[in-house]
Amino acid sequence: TNLFYRTFNDVNRQRSNNTVITVVVSPILGLKSTRYPDVNYAPGPDSGFIGCALTPHPSYGVQVFVPGDDTRLRVGDVLRLSWVGYASPNGNLSHVIGGSEGEWDSPPLTLEWVQNGYPFTVPFNPHVSLPGLVKPDDYPHKPIYGSATTSYKVIRGGVTVGGSNPSLVLVTLIRPNNAPPCIAPD
């Protein structure tokens, strides 16, 4: 939409230049939550974790997937992924790890990404490594491992028009029996 104004001082009339504005009448609701496609959710000790058994290894970065949704997303939208690491297994806001936060923008979405989704890669250092190296003795509240949340915003014409709910994932790079942490592939 173009916006302009006029002024009149009883002598001269003036008209401003057009300015393009985006008016958001209502935000996009019901955006699908992010997913972690490399995380194993089958029964087992690594179920639901970004951890040592993840393939590819987390040191290469962690995949976060924003599902496609051609009823809510449009070609040209930009997705802004947010990641926050926590020194707790439940994403407790009072246990955010400073320096673990990150934001990344997608390129403008193509029709394929609108329909099929867009994959982000979250860099290992410091975003995954900080919550992954959480040990109970390092914190007064004694967390058994760390966690992270991801969410995203939809940016249309430079304006945020919607946001997803956060998705939680558990993170640990600590191995049992005082073995060194898995900060690189074996």
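These numbers come from the heavy atoms of this one structure, side chains and all, not from hydrogens, waters or symmetry mates. Computed from a predicted structure; not experimentally measured.
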Ring pair (Phe, Tyr, Trp, His ring centres under 6.0 Å) filter on Y36, not counting sequence neighbours, yields none

Quick one: do Q14 and T7 satisfy side chain to side chain donor-acceptor pair (under 3.5 Å)? Show the steps, please.
-> CA-CA 5 Å; Q14 301 244 337; T7 61; 5.2 Å; no

Has F65 got more than 12 heavy atoms of other residues, nucleotides or ligands less than 6.0 Å from its CZ?
-> yes

Atom CD of E112: over 12 foreign heavy atoms under 6.0 Å = no

After noting the C-alpha distance and the side-chain angles of F120 and Y152, does the key distance pass the ring pair (Phe, Tyr, Trp, His ring centres under 6.0 Å) rule?
-> CA-CA 11 Å; F120 285 89; Y152 64 97; 8.3 Å; no

Spacing of [X] atom [atom1] and [Y] atom [atom2] [to the nearest 0.5 Å]:
X: N116; Y: D70; atom1: CG; atom2: CG; value: 9.0 Å
X: S106; Y: L79; atom1: OG; atom2: CG; value: 4.0 Å
X: L168; Y: S88; atom1: CG; atom2: OG; value: 8.0 Å

Main-chain N/O of [Y] paired with [X] side-chain donor or acceptor, under 3.5 Å:
X: S100; Y: G85; answer: yes
X: T149; Y: P166; answer: no
X: T150; Y: S82; answer: no
X: E101; Y: G99; answer: yes
X: D69; Y: T71; answer: yes
X: T172; Y: I174; answer: yes
X: H141; Y: A87; answer: yes
X: K32; Y: G68; answer: yes
X: N9; Y: N12; answer: yes

Partner of V39 under side chain to side chain contact (heavy atoms under 4.5 Å, CB included), chosen from V171, V62, V169 = V169

Find out whether [X] and [Y] are in side-chain contact, i.e. whether some heavy atom of one side chain is under 4.5 Å from a heavy atom of the other.
X: Y86; Y: P131; answer: no
X: S59; Y: P185; answer: yes
X: V161; Y: P27; answer: no
X: L31; Y: R72; answer: yes
X: L133; Y: I183; answer: yes
X: L81; Y: T34; answer: yes
X: R175; Y: C182; answer: yes
X: V128; Y: I50; answer: yes

Are [Y] and [X] connected in a single hydrophobic cluster, I mean Ile/Leu/Val/Met/Phe/Trp/Tyr linked by side-chain heavy atoms less than 4.5 Å apart?
X: V66; Y: W83; answer: yes
X: V154; Y: L111; answer: yes
X: Y145; Y: V122; answer: no
X: L93; Y: V84; answer: yes
X: I144; Y: L173; answer: no

With a distance cut-off below 6.0 Å to the six-membered ring centre and an angular limit of 45° from the axis, does R13 pair with F8 as a cation-pi contact?
-> yes

Taking ILVMFWY side chains as joined if any heavy atoms are under 4.5 angstrom apart, and letting links pass through other members, which residues group with Y139?
-> I97, L130, V134

Residues clustering with V78 (ILVMFWY side chains joined when closer than 4.5 Å, directly or via others) = I155

Note: G51 and P58 closest approach over all heavy atoms is O-CG, 3.4 Å

The complete set of salt bridge (charged side-chain N to carboxylate O under 4.0 Å, His left out) pairs with one or both residues in residues 74-91, sequence neighbours excluded, reads D77-R156, R80-D105

For residues 119-129, which residue pairs qualify under side-chain hydrogen bond (donor to acceptor under 3.5 Å, both in side chains), counting only residues two or more places apart or in two chains?
-> Q63-T121, N125-S129

Test ring pair (Phe, Tyr, Trp, His ring centres under 6.0 Å) applied to Y118 and W113, step by step = CA-CA 5 Å; Y118 183 80; W113 289 332; 4.8 Å; yes

N18 meets the side-chain contact (heavy atoms from CB on, under 4.5 Å) criterion, sequence neighbours left out, with N2, F4, R15

